[in-house]
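Below is one structure, written out as structure tokens; comments come after it.
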Amino acid sequence: MGKVVVIGAGQAAASLVARLRAKGHDGEITVIGAEAVPPYQRPPLSKAYLLGEMDQERLYLRPRDFYEAQGIELMLGTPVTAIDLSARTLIANGEMIGWDDLVFCTGSEPRRLPAAIGGTLDGVCVVRTLADVDAMAPRFTKGARVLIVGGGYIGLEAAAVASKLGLKVTLVEMAERILQRVAAPETADFFRALHRAHAVDIREGVGLGALTGAGRVEAAELTDGTKLPVDFVIAGVGIVPEVELAEAAGIAIENGIRTDATGRTSAPNVWAAGDCASFPHKGAQIRLESVGNAIDQAELVADNILGAGRAYEAKPWFWSDQYDVKLQIAGLNNGYDRLAVRKGEGTCSHWYYAGATLLALDAMNDPRAYMVGKRLIEAGKSPDPDAVADPATDLKSLLK
């Protein structure tokens, strides 16, 4: 079998190479990662790891010796600088490496605050890599004043950790409400109340005007004219796919590295999976930024490198941990026009419908609703919204 080279060493890469070996690929496999550590979990970085509840070794998706035992070469701390598609070679750390199949698992990078408004001052942080969190962790001291820019899930998770550690937290969201792009107003209401109950100062419809300080950030001026003293800032303003290397090689880009339903890019024997890759879904070229997608898409690509010819059928799911609330999301709520709200004792779930069709749900501390809703969505079944909202309805009966 031919040599497979994977660029990127995150969740997608780890899933792909493990799948290749499990399915009997006996050719060479090389994983090239810019970070100096083996593939690791990112979600716990801003939660358990930052709280000190998980050490670095437990972040690793596989122990280091797994890769050696499986004959998988890890080239870590090694950025790829050039790719020659016609010669099927690339340059990494000054070395020319050949490949028969090349896979982009380059992931994504955080959007950063512009230098023009003080985004490059010391103390302006992002949450994406192990190095990001290690650099930020010493700033999480009781009583420190942190400004979080962005009211999406990353910003809210950072706010929850900071609040739990006793920091004074202000979160600003330029849109009219938190979670505006990703969740219903009812879900935003739930999490706004949760954070305010933990003394987080949430300011919506207010953006960041400028950060000031002598070398390090000391104050923030908001777009409503408010000035706040700050000890550090966390930017949670989204991520963008890492496509520069693929684009420079001449590979088609469309909302990420464009792939077909099998994970192939526009170049022969070149594939992509995970955050960096877009794929066809219901008439659009979409990307899914989630662990589940990284695993499923990577395993699909591994199978197709081995000749399976499978098409990707996305089954979106996500989660977020904030304080003692576990949010579990199934499906995509794009285009919803009705929300069924189901409340129980200490639980709540929001079910998104387009007409009579169930699209997605947000389940707060309600794993039963999540599992039933996920199964319904994946089966293409849509129970009556009024039955869903009725607390007397046995959710399991909806699966029949």
Side-chain angles (χ1 to χ4, degrees), residues 46-47 110-114 116-119 123-127 144-212 217 219-240 289 318-327 329 332-339 341 343 348-350 352 360-365:
S46 59
K47 298 182 270 289
R111 288 191 174 96
R112 298 178 184 270
L113 299 177
I117 66 167
V124 180
C125 310
V126 294
V127 182
R145 300 161 300 186
V146 58
L147 173 67
I148 297 174
V149 184
Y153 288 120
I154 289 293
L156 292 173
E157 288 172 1
V161 171
S163 175
K164 287 175 75 171
L165 292 176
L167 282 73
K168 297 177 180 178
V169 186
T170 301
L171 183 148
V172 296
E173 170 53 58
M174 187 166 56
E176 64 181 25
R177 65 172 175 84
I178 59 172
L179 302 176
Q180 180 151 315
R181 291 189 308 105
V182 294
E186 291 83 352
T187 298
D189 292 346
F190 179 97
F191 284 99
R192 183 188 305 106
L194 176 68
H195 281 271
R196 285 181 172 165
H198 286 83
V200 175
D201 180 5
I202 291 182
R203 306 188 187 196
E204 295 161 300
V206 178
L208 173 64
L211 300 172
T212 58
V217 66
E221 181 173 338
L222 307 183
T223 54
D224 64 0
T226 303
K227 293 185 179 180
L228 300 173
V230 298
D231 296 304
F232 70 107
V233 175
I234 299 174
V237 290
I239 59 177
V240 293
E289 299 163 356
F318 315 86
W319 82 92
S320 177
D321 294 320
Q322 298 171 46
Y323 307 107
D324 58 351
V325 173
K326 175 172 283 293
L327 166 67
I329 303 168
L332 298 175
N333 64 25
N334 302 336
Y336 84 95
D337 54 27
R338 179 175 180 179
L339 194 75
V341 177
K343 293 186 177 180
C348 182
S349 56
H350 297 156
Y352 297 82
L361 85 154
D362 301 332
M364 283 69 77
N365 283 347

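In this text, all values refer to a predicted model and were calculated from it rather than measured experimentally.
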Euclidean distance, [Y] [atom2] relative to [X] [atom1], rounded to 0.5 Å:
X    : Y    : atom1 : atom2 : value
H350 : I329 : NE2   : CD1   : 11.5 Å
I148 : I154 : CD1   : CD1   : 11.0 Å
L228 : L211 : CG    : CG    : 10.5 Å
L171 : I202 : CG    : CD1   : 5.5 Å
L208 : T223 : CG    : OG1   : 8.0 Å
E289 : I239 : CD    : CD1   : 3.5 Å

Next on the checklist: Please determine whether side-chain hydrogen bond (donor to acceptor under 3.5 Å, both in side chains) holds for the pair E157 and S320, giving the CA-CA distance in whole Å, both sets of side-chain angles, and the decisive distance to 0.1 Å.
Outcome noted: CA-CA 7 Å; E157 288 172 1; S320 177; 2.7 Å; yes

Please report the shortest heavy-atom distance between [X] and [Y], naming the atom on each side.
X    : Y    : result
S46  : V127 : CB-CG1, 3.7 Å
L147 : V172 : CD1-CG1, 4.0 Å
A162 : V169 : CB-CG2, 3.6 Å
I178 : E204 : N-OE2, 2.9 Å
A158 : I234 : CB-CD1, 4.1 Å

Checklist entry - Would you say D362's side chain and S349's backbone share a donor-acceptor pair under 3.5 angstrom? => result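 Not confirmed, D362 side chain does not pair with S349 backbone.
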
Checklist entry - Between D231 (side chain) and R145 (backbone), is there a donor-acceptor pair under 3.5 Å? => result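 Such a contact is found between D231 side chain and R145 backbone.
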
Checklist entry - After noting the C-alpha distance and the side-chain angles of V126 and R112, does the key distance pass the side-chain contact (heavy atoms from CB on, under 4.5 Å) rule? => result CA-CA 7 Å; V126 294; R112 298 178 184 270; 3.5 Å; yes

Checklist entry - With respect to T187, which candidate in L179, N333, V341 satisfies the side chain to side chain contact (heavy atoms under 4.5 Å, CB included) definition? => result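 One option only clears the test, and that one is L179.
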
Checklist entry - Can you name the residues that form a salt bridge (Lys or Arg N to Asp or Glu O under 4.0 Å) with D201, not counting sequence neighbours? => result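 D201: salt bridge (Lys or Arg N to Asp or Glu O under 4.0 Å) contacts with R203.
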
Checklist entry - Does the pair Y352 and N334 meet the rule for a side-chain contact (heavy atoms from CB on, under 4.5 Å), with working shown? => result CA-CA 9 Å; Y352 297 82; N334 302 336; over 6 Å; no

Checklist entry - Does anything in residues 158-180 pair up under side-chain hydrogen bond (donor to acceptor under 3.5 Å, both in side chains), and if so which pairs, sequence neighbours excluded? => result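 Listed by first then second residue: nothing to list.
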
Checklist entry - Which pairs count as ring pair (Phe, Tyr, Trp, His ring centres under 6.0 Å) when at least one residue sits in residues 146-195, sequence neighbours excluded? => result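 Checked against ring pair (Phe, Tyr, Trp, His ring centres under 6.0 Å) - neighbours excluded - the pairs reaching residues 146-195 are H195-Y323.
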
